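In what follows, a single structure is set out as structure tokens and then discussed.
Every value quoted in this text rests on a predicted model; they were computed, and no experiment measured them. Basis for what follows: all heavy atoms, side chains included, without hydrogens, waters or symmetry-related copies.
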Amino acid sequence: MNEREIQILIDKCKKQDTAAFAALVAEYRQLVFRLAFRLLCDEEEARDMVQETFVKVWLSLDKYNREYRFSTWIYTIAGNVCYDRLRSLQHSPSGSMQGISLANISLSSGEDMEQSLINKELKELILRFTHELTPKQKLVFMLREIEGLEVSEVEAITGMSAEKIKSNLYLARKQIRIKINLMEDNL
């Protein structure tokens with residue numbers, strides 16, 4: 001769906017057209033779920049965050065600024081919802097996030113089997129170590145490194161300055177690198 005079609009759906013949604021909203025949800029549900037799952041590492045939590053995100057989208061459509069892409073606005077809402085949840089889980093005694101699965105992260109088919117396994121193991125380690133980052137570091141790392149968004153998009157989504165994003169990204173990378181190096185030293 002192109003941006004013009006999305007804008008038409010948004011206009012219909014503002015007139016309480018639930019069918020148009022269902023079309024928006026269908027278009028962006030996977031994007032929101034992917035971000036939520038990568039941040040929270042829990043399928044059920046991610047589904048809850050998808051629902052919460054789209055409730056907030058519906059309730060605040062009149063605040064959407066057409067100057068930005070709609071996907072950036074949805075990332076902003078989803079990122080904030082997940083960030084709040086990460087912070088609450090961080091302070092909860094049962095808030096530990098385990099069981100990260102990489103089944104949905106594909107490897108390029110042109111790699112040889114050994115390199116493929118090394119890459120998969122490295123991806124698993126990186127994702128496992130992201131749950132030990134602060135919520136801000138994890139959000140920035142996931143948006144920039146995993147989702148592949150530009151710094152300007154991460155700025156729009158998080159409200160952080162480019163310097164703050166780069167600082168959090170640097171600290172996240174450094175922490176992950178240290179943990180990987182410690183594992184290698186222990187082998």
Side-chain angles (χ1 to χ4, degrees), residues 1-87 101-110 123 126-127 130 133 135-170 172-173:
M1 201 177 294
N2 66 38
E3 200 64 30
R4 185 178 170 281
E5 293 169 320
I6 290 167
Q7 294 303 325
I8 291 169
L9 287 175
I10 292 167
D11 291 338
K12 288 180 179 181
C13 289
K14 288 181 179 181
K15 296 174 184 167
Q16 306 302 307
D17 184 335
T18 55
F21 188 68
L24 283 177
V25 170
E27 180 72 17
Y28 291 102
R29 179 182 32 231
Q30 282 303 112
L31 175 139
V32 173
F33 179 80
R34 188 176 63 232
L35 176 65
F37 183 74
R38 287 178 174 166
L39 286 169
L40 298 166
C41 303
D42 181 291
E43 191 173 337
E44 197 60 39
E45 286 282 347
R47 285 191 181 127
D48 290 346
M49 296 305 101
V50 169
Q51 286 182 342
E52 190 172 334
T53 296
F54 284 109
V55 166
K56 289 185 182 226
V57 167
W58 177 256
L59 295 174
S60 56
L61 265 172
D62 58 324
K63 296 176 185 166
Y64 167 63
N65 182 349
R66 291 177 186 265
E67 197 174 297
Y68 298 102
R69 287 187 351 210
F70 191 67
S71 60
T72 301
W73 189 67
I74 286 190
Y75 262 124
T76 302
I77 294 171
N80 287 335
V81 165
C82 292
Y83 176 71
D84 290 344
R85 185 65 182 141
L86 279 170
R87 287 190 336 197
S101 168
L102 283 189
N104 61 348
I105 299 177
S106 63
L107 296 168
S108 135
S109 60
K123 287 178 184 179
I126 289 170
L127 288 177
T130 60
L133 300 172
K136 275 186 186 177
Q137 290 171 354
K138 187 172 186 175
L139 179 61
V140 169
F141 183 82
M142 287 297 180
L143 290 172
R144 183 74 178 103
E145 296 298 330
I146 306 299
E147 294 294 318
L149 300 179
E150 297 297 323
V151 171
S152 60
E153 289 177 295
V154 178
E155 276 182 285
I157 291 166
T158 63
M160 292 184 215
S161 68
E163 293 77 26
K164 191 77 169 162
I165 290 166
K166 290 175 184 174
S167 171
N168 276 288
L169 190 57
Y170 169 78
R173 288 174 179 156

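- Scanning both residues, Val32 and Ala78, for their nearest heavy atoms gives CG1-CB, 4.0 Å.
- Atom CZ of Arg173 sits about 12.0 Å away from atom CG of Leu133, to the nearest 0.5 Å.
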Applying side-chain contact (heavy atoms from CB on, under 4.5 Å), run through Leu139 and Cys82 and close with a yes or a no.
CA-CA 8 Å; Leu139 179 61; Cys82 292; 5.7 Å; no
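- Residue pairs meeting the salt bridge (charged side-chain N to carboxylate O under 4.0 Å, His left out) criterion with at least one partner in residues 70-80, sequence neighbours excluded, are absent.
- The CD atom of Glu147 lies 11.5 Å from the CZ atom of Phe141; values are rounded to the nearest 0.5 Å.
- Between the side chain of Thr53 and the backbone N or O of Met49 there is at least one donor-acceptor pair closer than 3.5 Å.
- Within the 4.5 Å cutoff, the side chain of Ile77 has heavy atoms near those of the Ser60 side chain.
- Summarising the geometry, atom NZ belonging to Lys56 is positioned 10.0 Å from atom NZ belonging to Lys63; distances are rounded to the nearest 0.5 Å.
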When the side chains of residues 1-10 are checked against the rest of the protein, which donor-acceptor pairs come out under 3.5 Å, sequence neighbours left out?
| residue | atom | partner | partner atom | Å |
| --- | --- | --- | --- | --- |
| Asn2 | OD1 | Arg4 | N | 3.0 |
| Asn2 | OD1 | Glu5 | N | 2.7 |
| Glu3 | OE2 | Gln7 | NE2 | 3.3 |
| Glu3 | OE2 | Phe70 | N | 3.2 |
| Glu5 | OE1 | Asn2 | N | 2.9 |
| Gln7 | OE1 | Arg66 | NH1 | 2.3 |
| Gln7 | NE2 | Tyr64 | OH | 3.1 |

Table please: side-chain donor-acceptor pairs of residues 14-29 below 3.5 Å, with sequence neighbours left out.
| residue | atom | partner | partner atom | Å |
| --- | --- | --- | --- | --- |
| Asp17 | OD1 | Ala19 | N | 3.0 |
| Asp17 | OD1 | Ala20 | N | 3.0 |

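- Atoms CE and CG, on Met142 and Leu35 in that order, are 8.5 Å from each other to the nearest 0.5 Å.
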Trace of the side-chain contact (heavy atoms from CB on, under 4.5 Å) decision for Leu31 with Tyr75:
CA-CA 8 Å; Leu31 175 139; Tyr75 262 124; 3.7 Å; yes
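- The structure places CG of Leu169 at 5.0 Å from CD of Glu145, a figure rounded to the nearest 0.5 Å.
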List the steps and the verdict of side-chain contact (heavy atoms from CB on, under 4.5 Å) for Leu143 and Ile157.
CA-CA 9 Å; Leu143 290 172; Ile157 291 166; 3.8 Å; yes
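- Residue Arg144 comes nearest to Val151 through the heavy atom pair NE-CG2, 3.6 Å, listed as atom of the first residue, atom of the second, then distance.
- Between Cys13 and Leu61, the shortest heavy-atom contact is CB-CD1, 3.3 Å.
- Lys138 places a side-chain heavy atom less than 4.5 Å from the side chain of Leu39.
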Could you walk me through whether Phe33 and Glu43 satisfy the side-chain contact (heavy atoms from CB on, under 4.5 Å) test, starting with their C-alpha distance in whole Å, then the side-chain angles of each, then the deciding distance to 0.1 Å, before giving a yes or no?
CA-CA 9 Å; Phe33 179 80; Glu43 191 173 337; 3.9 Å; yes
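- Put simply, OG1 on Thr72 and CD on Glu67 are 11.5 Å apart, with the number rounded to the nearest 0.5 Å.
- Here the closest non-hydrogen pair linking Ala162 and Glu155 is N-OE2, 3.3 Å.
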